[in-house]
Each structure stands twice: as C-alpha cells, then as structure tokens.
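Worksheet: one structure, shown below.
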Amino acid sequence: MEYSLAFDGVVFRYPDTVKPALQGLSCAVPKGSRTAVLGHNGSGKSTLLLQAVGVLRPQQGSIMVSGRQLGYNRKELADLRRRAGLVFQDPEQQLILSTPQDDISFGLRGTGMEEPEILRRCGKVLELLNLAEIKDKPVHQLSLGQKKRTALAGVLAMEPELILLDEPTSYLDPQSEAQLLSGLERIHAAGATIVMATHDMNLAYRWADWIIVLDRGSCRAAGTPEEIFAGHAVLRDAGLGLPLLAELWYSLPGQLTRGQQAPRNAADFKSALARLLGS
Ligand SMILES: Nc1ncnc2c1ncn2[C@@H]1O[C@H](COP(=O)(O)OP(=O)(O)O)[C@@H](O)[C@H]1O
Ligand SMILES: [Mg+2]
C-alpha cells in the first residue's frame, strides 16, 4: 500500500511536561484515503496533526509525507506547506485577514505566486466550498461554519495532496456540518488524501474508510471501519464508545447479520433491516 503520511516511532514531549504526548507513535495513512484519527481527549490527536505539517518536530523517530522524510529547514518547511495543509480546530487561530477573499489570497501571495493564478485559485476554492457569495464579508461577521470553511479554503488553495483537519465538525450545527462534509467529499473525489481528528464516533463511522485509534500517545489499532468497529474491546480500552449504528448492528442476532457488511449510514441501515425482515 502507498502511504500519504507515515509516523515511525515518533516521541514528542511538550516543554515542561512530564509525560510525552507521543510515545513512540507509529502509524500510516493510506494514499487517497479518508482517515479518521480517533482517541480520547489528550490522546495525542492534535499533536499528531501538528507534527504532520512540521509545526512540531519529533524528538525521536521520523515522519514521511508522500514518501519523503520531513526536514525542518526553511526551504523544506515551505515545500511541505505545498504538500500538506492543516485546518486548525479553532478558525480564529488560522484566519489572519479581514475577508475570505483576502485571507485566502494572502497565503498564496506568500508563495510568490503570480496575481492571475492567485485570483484563479481563490475563485476555485470559494466556489468549491460555497463561499463565493460571502467572499468580501468581514470574517468576524461569519458564522463558525463559514469560518471553518474559509480556513479550509485557505488550505485548499495551496492544492496540497494531504489535508488534515482537527475536530472539523465540533460546535457546528447539522447544516454547517453537512456543507463542510460535502466540500470534503469533492476534494477527496479530486484525489486528495484527507485526515480528520475527531472524537465523534458516529461521524467517523459513516465518513472514514481508514481508522487510526490513538491511546495515550501511541497507536492502539488501525484498519478499515469494519475491522475497527467490529472489535469493541479495542475501542473500549481506548476510552471510546461505539458509534450508534455499529452498536445497533452488532446487537442484532449473529445468525441474521452473518456474512453481511455492517451498514455505515442510516439509509444503508434501513435497507439492511428491510432485507433482514423480508427474509
Ligand atoms: N501546548 C501544550 N503544552 C503542554 N502540553 C500539551 C500541549 N498541548 C497538548 N499537551 C498535552 O499533550 C497531550 C496530548 O494532547 P493533544 O495532542 O492535544 O490531544 P488530543 O488532541 O487528542 O486531545 C495531552 O496530555 C496534553 O495535555
Ligand atoms: Mg485535540
């Protein structure tokens, strides 16, 4: 399998803390996947993401992005910025300028890109994330969902092959969540690898095609959603619950569900039930 991101034995301790936040973390994100990084609060999800984009640097071990080991000089970090982009949990940390249009073009200008290309890319991501109508609205007047999509647009404008998002749907209402996810869907369809740190198990279950379970700074399990969610013990040991649909499915009598793929969204669940009841 080809990997977009791979951690090998990464150890990292924040200054003035006793326990390392990452304790020999090894895990990998398949190229082209939609990967969910799951873990309880403090398990190291955000630290993993910050390491992946070079904001934090391992004290031991190494990190590869699209097959190349990360280096930390200015040139290497600038190059990494074009290959991997992180959307912070809090858009306030990310948005610098007053309007979506200005904010997105600012990042591109920093790369020395020509003005027509900046305009073209801005237009493209504003369209993609449904922000065109509010491109000139002051950022402080935007809703949280719009701010999150603006932050994502700024990352996308760099056209990275790897996009990482830290708790992207937290505090979003269902409509804003749906808009964000549909934007991600289009980006994924265009070939990007997407990594999302979340503790929303229901979201991870229906969205991801690869799961990494973190527990106290190391990888407890990795695999397809079918593999991870059928093994309740791994999740329980990592302090996580089961997604509601998985809990319902795996509570059905085994002779009914045997050999059937566990449905991962409400619509599939309904048709699976209809089949079971009809038979
Ligand atoms: N800036 C920081 N300074 C010191 N410790 C930190 C800092 N950020 C996170 N940590 C610690 O590192 C560990 C991992 O945190 P984090 O990566 O934020 O986990 P998660 O995102 O899964 O909640 C936790 O023990 C947390 O308290
Ligand atoms: Mg976090």
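Read the numbers this way: they start at 1 and go in the same order the structure lists the ligands and their atoms.
Counting the atoms of ligand 1 from 1 in the order shown, those under 4.0 Å from a heavy atom of Asn41 are 23 (O). Per-residue contacts place Thr17 under 4.0 angstrom from the following atoms of ligand 1 (heavy atoms of the residue considered): 4 (C), 5 (N). Atoms of ligand 1 lying under 4.0 Å from any heavy atom of His40, numbered from 1 in the order shown and given with element: 22 (O).
Contact annotation for atom 27 (O) of ligand 1: protein absent (non-hydrogen atoms, distance under 4.0 Å). Per-atom contact check: atom 4 (C) of ligand 1 touches the protein, criterion being a heavy-atom distance below 4.0 Å.
Between the side chain of Ser105 and the backbone N or O of Gln101 there is at least one donor-acceptor pair closer than 3.5 Å. Checking side-chain atoms of Lys45 against main-chain N and O of Val37 turns up no donor-acceptor pair under 3.5 Å. No donor-acceptor distance shorter than 3.5 angstrom exists from the side chain of Glu227 to the backbone of Gly223, with no hydrogens or angles considered.
For Pro15, no nitrogen or oxygen atom sits less than 3.5 Å from a nitrogen or oxygen atom of ligand 1, counting backbone and side chain alike. On a distance-only criterion, Ala21 and ligand 1 share no N/O pair closer than 3.5 Å. The N/O atoms of Lys45, backbone and side chain alike, include one that comes under 3.5 Å of an N/O atom in ligand 1.
Summary of contacts: the protein heavy atom closest to atom 19 (O) of ligand 1 is Gly44 N, 3.1 Å. Given atom 18 (O) of ligand 1, the protein heavy atom at minimum distance is Ser46 CB, 3.8 Å. Among protein heavy atoms, the minimum distance from atom 9 (C) of ligand 1 is reached at Tyr14 CE1, 3.4 Å. For atom 25 (O) of ligand 1, the nearest protein heavy atom (residue, atom name, distance) is Gly42 O, 4.0 Å.
Of all heavy-atom pairs between Gly54 and Leu70, the closest is N-CD1, 4.4 Å. In plain terms, the two heavy atoms of Ala208 and Pro225 that are nearest each other are O-CG, 3.3 Å. Between Ser26 and Cys219 the shortest heavy-atom distance is O-CB, 3.4 Å. Between Thr224 and Ile211, the closest heavy-atom pair is C-CG1, 4.4 Å.
When the options Val18, Thr47, Leu49 are ranked by their closest heavy atom to atom 17 (O) of ligand 1, first place goes to Thr47.
When only modelled atom types and interatomic distance are considered, Ser66 and Tyr3 share no side-chain donor-acceptor pair under 3.5 Å. Side chains of Gln179 and Arg149: a donor on one and an acceptor on the other come within 3.5 Å. A donor-acceptor pair shorter than 3.5 Å can be found between the side chains of Ser46 and Asp166.
Using 4.0 Å as the threshold, Lys19 has no heavy atom nearer than that to any atom of ligand 1. In this structure, Gly39 does not count as a contact residue of ligand 1, since none of its heavy atoms falls inside 4.0 Å of the ligand.
The Mg ion (ligand 2) lies at 2.8 Å or more from every N, O or S atom belonging to Gln89.
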